[in-house]
Amino acid sequence: MPVVDVQRVKLHIQELNPSGEETIILIHGMFSNLAVYYFNIAPMLAENFRVILYDMRGHGMSEKVKEGYDLTSMTDDLYALMEALHVEKTHLVGYSYGGLVALKMAVRYPEKIAKLAVIEGPDPNEQETLAIIDTYSKEFLIHYVNNFADTTKMQMGKRQLERNHRMYEFLFNETTIRSDMESEKDFFQHKALSQITHETLLIYGEHSNCVPSGEKLAAKIGDANLVLVPGDHNVPIQQPETIGSELLLFFNKDLDIDIYDSNLLVVN
Amino acid sequence: MDQLTEEPKKLSNDEIFDVLNQFITEVIGEEFVDEMDITPDSSFTKDLEMDSIEIVAFSEKVKLHFGENINFTGWLSNMDLDEIISLKLSDIINYIRQCQ
């Protein structure tokens, strides 16, 4: 298992097509892991790009740490990861809370970022996640998992439920995640967001309750394009091909290649 | 990352099964494996209850062991969610056999 020790924390990474000229880094959401991209979206992007996926601190197979779940710490991690992997400049894709990490990265290190894609980034002032943290219980998890299973066709067995329960218990009861997320409540009100000059793609599920957040971002960011696709907040799991195609279209646009020819050149 | 393991001879189905069985044990832990009967007919999500990050870890082991000429991730990426959910150990054994 590839692990990069970025001094601050040990992060689990996966890399596809390491010789790709331009790099795309994919950031998953809170309580999730890099698998959300690994099976479909990442391999699609890897046809033309070097693709790096990583598990955020405390998530997936990265180191379990007690603090640093705010956007500043999360972007410190990402910056350190780019340094460790010698990535000068990268495109970013972030899903849900990972979308906020991507936005924060563009604000803090604009020169390190090429294009920006945000999938279902929620306004932390509105999102239900904070409420979820306050009401977390095992009964809640079972309800949440069942709902997730209904909308994504993923079923969890007993051992998976236990594993998830342990992850939530760790993050909710043994880390500062609650106060760290709480401290980001006003993120969408920060002036810095409207100073983002990167070409930005905003992808939201048309039935997601995060659509108003996407509209807010579209109004704030100068060079932003909001795209609605079939699905809800779980859209990367529901429609990975659609998300992958939208991202490819966005990132390929200025690439100096003939897309049709490049697809023909992909041989195994 | 790109360690290629020499495979001097073609492995039989049983030999591949033993290797994969070992990987599954490493990924999900012996205490759980003891409780289940892993066979070529076992499905990853339903029978073995592996979740996606465990399948990532498993894929990583397959890639390191059998070499990059087995494009395991690429093979998986051509499947839709239903196919991945119903994926059996025997499907992977057959895929590895074809690639040898």
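Proteins get letters first, then strands, A, B, ... in listed order; numbering begins at 1 in each. As a basis for the values below, the full set of heavy atoms in this structure was taken, side chains included, without hydrogen atoms, waters or symmetry mates.
With values rounded to the nearest 0.5 angstrom, B:N78 atom CG is found 9.0 Å from A:N40 atom CG.
At a 4.5 Å heavy-atom cutoff, the contact between B:L48 and chain A is made by backbone atoms alone. Of the atoms belonging to B:M50, heavy atoms from both backbone and side chain fall under 4.5 Å from chain A.
Side-chain atoms of B:S52 and A:Y38, non-hydrogen and from C-beta on, never get closer than 4.5 Å to each other. In this structure, B:E54 and A:R163 have side chains that are in contact, with non-hydrogen atoms separated by less than 4.5 Å.
Counting non-hydrogen atoms of neighbouring residues, nucleotides and ligands closer than 6.0 angstrom, the CD atom of A:E83 exceeds 12 such neighbours. Open room surrounds CD on A:E21; 12 or fewer heavy atoms of other groups in view lie less than 6.0 Å from it. Atom NZ of B:K88 is surrounded by 12 or fewer heavy atoms from other residues, nucleotides or ligands within 6.0 Å.
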Take A:D55 and B:I53 through the side chain to side chain contact (heavy atoms under 4.5 Å, CB included) test and state the conclusion after the steps. CA-CA 10 Å; A:D55 284 331; B:I53 195 71; 3.7 Å; yes

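The ring pair (Phe, Tyr, Trp, His ring centres under 6.0 Å) test applied to B:Y95 returns B:W75, not counting sequence neighbours.
Residue pairs that meet the ring pair (Phe, Tyr, Trp, His ring centres under 6.0 Å) test with at least one member in residues 39-63 of chain B, sequence neighbours left out, are B:F44-B:F58.
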